[in-house]
Amino acid sequence: MDAFDELKQRVSMFFSQSSTPMYAGSNLLLEPIFLRGFSASSHLFLLLVLSISWACKRLQMSSSHDDSKQGLKNTRFFYYKPTLFCCFGLSLLNLFLCVLNYFYWYRSGWSDEKLVTQLDLVVRALAWIAISAYLHFQFSHLSESKFPVLLRIWWGFFFFMSSCCLVVDLVLHVKHQFLPIQFWVSDAVSIFGGLFFCYVGLFGKKGEDTLLQEPLLIGSTNRSNCVESNKNNGGENVTPFSSASLLSILTFSWMGPLIAVGNKKTLNLEDVPQLSGDDSIYGVFPVFRNKLDSDSNSGNEVNTLKLVKALLFSAWKEILLTALFCLLNTCASYVGPYLIDTFVQYLNGRQEFKNEGYILVSTFFVAKLVECLTQRHWFFRLQQVGIRARAALVTMIYKKGLTLSSQSRQGHTSGEIINFMTVDAERIGEFSWYIHEIWMVPVQVALALLILYKNLGLASVAALVATIIVMLANVPLGKLQEKFQEKLMESKDRRMKGTSEILRNIRILKLQGWEMKFLSKIIELRKNETGWLQKYVYTSAMTTFVFWGAPTFVSVVTFGACMLMGIPLETGKILSTLATFRILQEPIYSLPDTISMIAQTKVSLDRIASFLRLDDLRSDVIEKLPMGSSEVAIEIIQGNFSWDISSPNSTLKNLNFRVCHGMRVAICGTVGSGKSSLLSCILGEVPKVSGALKLSGTKAYVAQSPWIQSGKIEENILFGKEMDRERYERVLEACSLKKDLEILSFGDQTVIGERGINLSGGQKQRIQIARALYQDADIYLFDDPFSAVDAHTGTHLFKECILGLLGSKTVIYVTHQVEFLPSADLILVMKDGRITQAGKYNDILCTGTDFLELVAAHKKALSTLDSIEAGPAENLSQVEEDGDVGSAKEVVHQEEKRDCEKDETNDVVGLKGQLVQEEEREKGRVGFPVYWKYITTAYRGALVPFILLAQILFQLLQIGSNYWMAWAAPVSKDARPVVEGSTLIFVYVALALGSSVCVFVRAMLLVTAGYKTATLLFNKMHFCIFRAPMSFFDSTPSGRILNRASTDQSAVDISIPFQVGAFAFSIIQLLGIIAVMSQVAWQQYYIPSARELSRLVGVCKAPVIQHFAESISGSTTIRSFDQESRFQDVNMKLIDGYSRPKFHSAGAMEWLCFRLDMLSSITFAFSLIFLISMPVGVIDPAIAGLAITYGLNLNMIQAWVIWNLCNMENRIISVERILQYTSLPSEPPLVMEENKPLGDWPSHGEVDIHDLQVRYAPHMPLVLRGLTCTFPGGMKTGIVGRTGSGKSTLIQTLFRLVDPAAGQILIDGINISTIGLHDLRSRLSIIPQDPTMFEGTVRSNLDPLEEYTDEQIWEALDRCQLGEEVRKKEGKLDSAVTENGENWSMGQRQLVCLGRVLLKKSKVLVLDEATASVDTATDNLIQQTLKQHFSDCTVVTIAHRITSVLDSDMVVLLDHGLVMEYDSPKKLLENKSSSFAKLVAEYTIRSTSSFEN
């Protein structure tokens, strides 16, 4: 024991100036000098061995270096990076201790022991740096499966040696020997390091590096597709984050290259790297789906809880890691307040041990570093979680949208479903920020109370009570917020539903002159929404007031309790308490946000869960038979099907038929008889009530109203298949698309606008047919595709497609053209959902009346030919003898030649370009005008100075109250107080009340200004959109507009006012603390990249929405081609495209914040060193303490300022995007007072067209190229011509949807370009090509402007043959019409359009292929109705059924935008070489022949 007694004496001299040896004693092994010497020798020996090993390896590897490297391309070592980091860390630690010892000992002389210790530390530092270098440069290329034996032996030995050192330290400590702190640190770290190395030595081995090398799911076909498609955007350049070193991850240096690129040029999506496997949707979604499925299997239905569990599970590692960061951050943030009292006492001259000041400064600094690092990574990782959650949810919603049953679809419009994706999923992603706040607040409050208890004793109970009161005050406010949020979302859904319907049908609204009426409907819906918005934001303002006032309230209560209990208040304790309240302020500040966010997120989760619970299409409707197992292609036995299962009446009743492979089946019947429903039933879209439906083979479907994707024509035709050039050319030929593609500037590479907006109806239909043909399916279903094309093209399509290419396939086609029926092997005649007759043409002609009626109506239509010309048979036989085909070919050849010449001249005149351009995005910094416009929109900015004044006063009163407490309280127990205790508290309370009033005023004014601004911006944007010309809608996908109306408007409604406010307030707060240092340089370097990344986020969102909207509307087509998985894959790629800039934007922000945090921490440490270096008494300890109290918050406030600045820049982009749409070019005025036509204009209805030239956009070629003709008043003019000849364009010009590039149109002598649009459009009537109905009632569809009485509406309904149909319905005129009029058949919708015209009774009526969707009998009825009620009107008819124009007074034949022929039909028919005569001949041949093979 003597040794320990002596050691006890020696150790006490460790820091003294004597030159006594550090340790001495009889037991050599227990002497630290021996251990240090032994350690130094061991490390020196290791260095020597490593050097020799390295030299030998270099010689060996020079020959085989390349091979080994090649062999190990895809492998890595588990724990390799942590091991490398650990070795490097040990080296740095030893170096640091060496330098520290040098500063401690250089004054006191160097003893042998000290020299040995220093030598040990130097050799250790060198040895560990050598091991790091060996691991990094040499070992990573070796092909060994474990770490080298030498290293593993060394690590075991090192652990043993470290343990010995620690045991000696402990033995000395037990004997009350004093050891310097650095010895403890060195030995403790070494023992943990040694333990880790032993573990790595035993378990570390090489494995396949699937994560780093393969960023997407292994073996997935999706992966290869995704990588393929992403080669161009972001290339194969996976984010450096996935392979960054530990140091790079800690300091966010992996963001450096991208920020450097952004600083040099404007960032594009190509510059942003791909996401790694863990963050890409391809990695996230399978995990999320599996978890959700496994949960749902147990309880079957998706509910909110299961959704939350699946989301948490898909990112549980990040959530646990951030929870740890969060805890560390909270603990580190309380170190400062805990030590302030000690620091103030130290400055006051009370020193408890030597170097106390430096140890305090070091503790402050280390706590700041920990706080900074943990906060940055906590924030970043949570954003990562949010991005994953949002991506998984959007994918899930998309997947669900594709499989919804028809009944579920009726309950949710596409607008609502888009809202789930744009608003709800986004909100749940944002909630990741708040995920730890729920449990953190109690932890922070508990820590705060511990510090308060240390300082104030029992008065801390008062603080606890006050905190609880404040938090409870939030409960009713939180509940209100949840309620208002729910109502706000419901009303937003209704508005978005209306907006998307209007955007879809904007063409009709403009043609009818109804757009302003529908705008007022949207404004009305918005008013309802803003009612809830107002309640929501004012509740938020109250919450803000409660919580900004909370710390003041808590401190007043606490100090008041101290006075009552007689607890002495000293400066140090007061400052410690104030610093604690400041930190407590943060969870209390964020609590309202958290509560409102929980409320919003819960609403969103409930909405998404209820959507995911909706019924899918039932998979048991169709019984799939293996191909080739039987000759049956389709068979229905005793089938009853109903769109609405709950309805007693089935849609389709008692279906019994059988179709064998290779059969042609025609379905005919009157309007609304269930023809389209029968096709839907074969596709499995209609729920089955009873019976059996068997199907064998793949399907292809052509819908009645064409569904075209925006994208290239080629992509639409290939529809996911590989290009087979020969087959492709055959299909183009069969669908007679070659001629059309020649006309288009870019051929089949032409980009089609949304919903095929830049194609004619016939072109859309033919592209749709081409898509089906190219698929090479077994069964083809055509829903009346020939009605949208002209007679000539219809014949060609039927011959080439159905009889030609599909000759050997099973084809089922719905048709109204009787002439296509004889070539069918089986005809199904439908009436009221039943098959009334079935058989071959001649068989059923004699057996029943329904089919006979259809054929009779067709014959009646043909009889008009006889009335026009006495001998049509002669004409026909003549044509046949001449060989019509030959002469027709000749004419076509001549015309083509003429067209080529014209095209050449046209090329010179017309700039050519794609219709749909890339979405515009501003470049460079967000201009000051955007901010200025935003803050001055409401009340011309009058409230802004008051808001700022309130905040400045609040800040001054806050600082004043703290300064008062620090100055007026005594520094220590024995010091005399400056003022009485009651005065101290009274002044503090007065200042606190003042600051609370300022907060209240500020919160209310801010909310008022924000709300007013949102309303004004909304109204202005929507007015500009509704008044925009048609060309804007043609070239702008509705996704872009909806994105602004939903996401951007949401930001303006709720986020931006608070963001702009928070930025202004934090700046004021920062200035209130100190004038901030040189952060400007980094910020300037960072902001260009961050800003562009934010803009990219906005731009990349629209394609997701647009693709989503398109997929929902074409879900039937997608399902019929079994293309769901391909569409899901495209959706996933688009989601990754959106997540990429979002992920890197988050990284960029943390990159900046980390650097600024470091800067402020170092500044803070230096100021503390400055304070302890000053002699006692020079600086007032109270004021110095107050400075530190604020300094502790410095990096938090600074980060908050930067955070708010960046967030504000990012959010203000929403304002920028909305402002883009508030300055759209407008259509000409609706009314021109100085040029108002007379009330009865047009009285005669004569239309004069002079040299009319029209192009759709300045960069597009001319469509009408100098057209001149006159439509006589009160007469009927028919316009015919091949698809794409300019018929519909002429009509659009007549209604001024497109303004002429040259020439003019006069109606009754008035140039239509000189009068108001409303005056023009309200005096003309049109039955458009695409029959449109809006969601609402029958009444609102016929009379949206509410101008007519019920009697007039019933009269119109009876005239258009719909009276009976409407009387059958429960609600009569108020019976519901669903979105797009889905619950009415296509023909019925067309009749509703006729009803609108009959009500309007205009002098000029345009029929744009108005009877394309109805059967011949109904067509005849419509023609009779028009003859009867529009006999004295000018009727302009575009028709594909020649019979519709044969009874016209004049016929205009258009070709390539020019009038080729213009005369009465009789005269044109007399001239047998006229194109019109050939067209009629073609139609007559077709109508009287049977197309039999």
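Sequential numbering from 1 along the given sequence is applied to the chain's residues. Owing to the predicted nature of the structure, the values given are computational and were not obtained by experimental measurement.
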Q | Student check: side-chain heavy atoms of Ser710 and Glu1110 closer than 4.5 Å | A | yes
(Q) So, taking the atom named NZ in Lys739 and the one named CG in Leu732, what distance separates them when rounded to the nearest 0.5 Å? (A) 15.0 Å
Q | Pairwise distance OG1(Thr1332) to CD1(Ile506) - rounded to 0.5 angstrom | A | 11.5 Å
Q: Please work out whether the ring planes of Phe518 and Phe1334 are parallel, tilted or perpendicular, with thresholds of 30° and 60°.
A: tilted
Q: Start with the C-alpha distance between Asn649 and Asp644, add both sets of side-chain angles, then the distance that settles side chain to side chain contact (heavy atoms under 4.5 Å, CB included), and finish with yes or no.
A: CA-CA 9 Å; Asn649 290 335; Asp644 181 2; over 6 Å; no
Q) Do Leu404 and Leu617 have side chains that get closer than 4.5 Å, going by heavy atoms? A) no
Q | Audit row: Phe798, Thr815, side chain to side chain contact (heavy atoms under 4.5 Å, CB included) steps and yes/no | A | CA-CA 11 Å; Phe798 192 78; Thr815 185; over 6 Å; no
Q: Return the set of residues passing salt bridge (charged side-chain N to carboxylate O under 4.0 Å, His left out) with Lys738 (not counting sequence neighbours), or none when no residue passes.
A: Glu729, Glu733
Q. Looking at Phe1108, Phe611, Phe420, which hits ring pair (Phe, Tyr, Trp, His ring centres under 6.0 Å) with Tyr398?
A. Phe1108
Q. Do Met830 and Leu678 come close enough that some side-chain heavy atom pair is under 4.5 Å?
A. yes
Q: Output yes when a side-chain donor or acceptor of Gln768 lies under 3.5 Å from a complementary backbone atom of Trp707, and no otherwise.
A: yes
Q) Are a donor atom and an acceptor atom from the side chains of Asp740 and Gln763 found within less than 3.5 Å of each other? A) yes
Q. Do Phe1033 and Arg507 come within less than 4.5 Å of each other through their side chains, counting heavy atoms only?
A. no
(Q) Tell me whether Lys721 is salt-bridged to Asp776, with the criterion being a basic N under 4.0 Å from an acidic carboxylate O. (A) no
(Q) For Ala824 versus Tyr813, what's the shortest heavy-atom pair and its separation? (A) CB-OH, 3.6 Å
**Q.** Derivation and outcome, side chain to side chain contact (heavy atoms under 4.5 Å, CB included), residues Ile779 and Lys809
**A.** CA-CA 6 Å; Ile779 300 168; Lys809 305 279 186 184; over 6 Å; no
Q) Can you find a pair of side-chain heavy atoms, one from Ile767 and one from Leu737, that are under 4.5 Å apart? A) yes
Q: Return yes if a side-chain donor-acceptor contact under 3.5 Å exists between Ser676 and Asp783, otherwise no.
A: yes
(Q) Between Arg727 (side chain only) and Leu773 (backbone N and O only), is there a donor and an acceptor less than 3.5 Å apart? (A) yes
Q: May I ask you to decide whether Asp832 forms a salt bridge with Lys653, counting only side-chain N to carboxylate O separations under 4.0 Å?
A: no
Q) With a 3.5 Å cut-off and no angle check, do the side chains of Glu715 and Gln709 form a donor-acceptor pair? A) no
Q. Are Glu635 and Val659 side-chain neighbours, meaning at least one heavy-atom pair lies under 4.5 Å?
A. no
Q | Heavy-atom check, side chain of Leu679 versus side chain of Ile812, under 4.5 Å | A | yes
Q: List the steps, then state whether side chain to side chain contact (heavy atoms under 4.5 Å, CB included) holds for Glu685 with Arg1119.
A: CA-CA 9 Å; Glu685 298 285 321; Arg1119 285 194 293 267; 2.6 Å; yes
**Q.** Residues which pass side chain to side chain contact (heavy atoms under 4.5 Å, CB included) with His796, listed by chain and number, not counting sequence neighbours
**A.** Ser736, Glu800
Q: Answer with yes or no after comparing the ring centroid distance for Tyr701 and Tyr780 against a 6.0 Å cut-off, counting only values under it.
A: no
Q. Distance only, no hydrogens: is a donor on one side chain within 3.5 Å (strictly under) of an acceptor on the other, for Asp778 and Thr698?
A. yes
Q) Side chains of Tyr728 and Asp748: is there a donor and an acceptor less than 3.5 Å apart? A) yes
**Q.** Lys699 side chain near Asp1122 side chain, heavy-atom distance below 4.5 Å
**A.** yes
Q.
Testing the basics here: between Gly747 and Ile713, what is the closest heavy-atom pair and its distance to 0.1 Å?
A. O-CD1, 4.0 Å
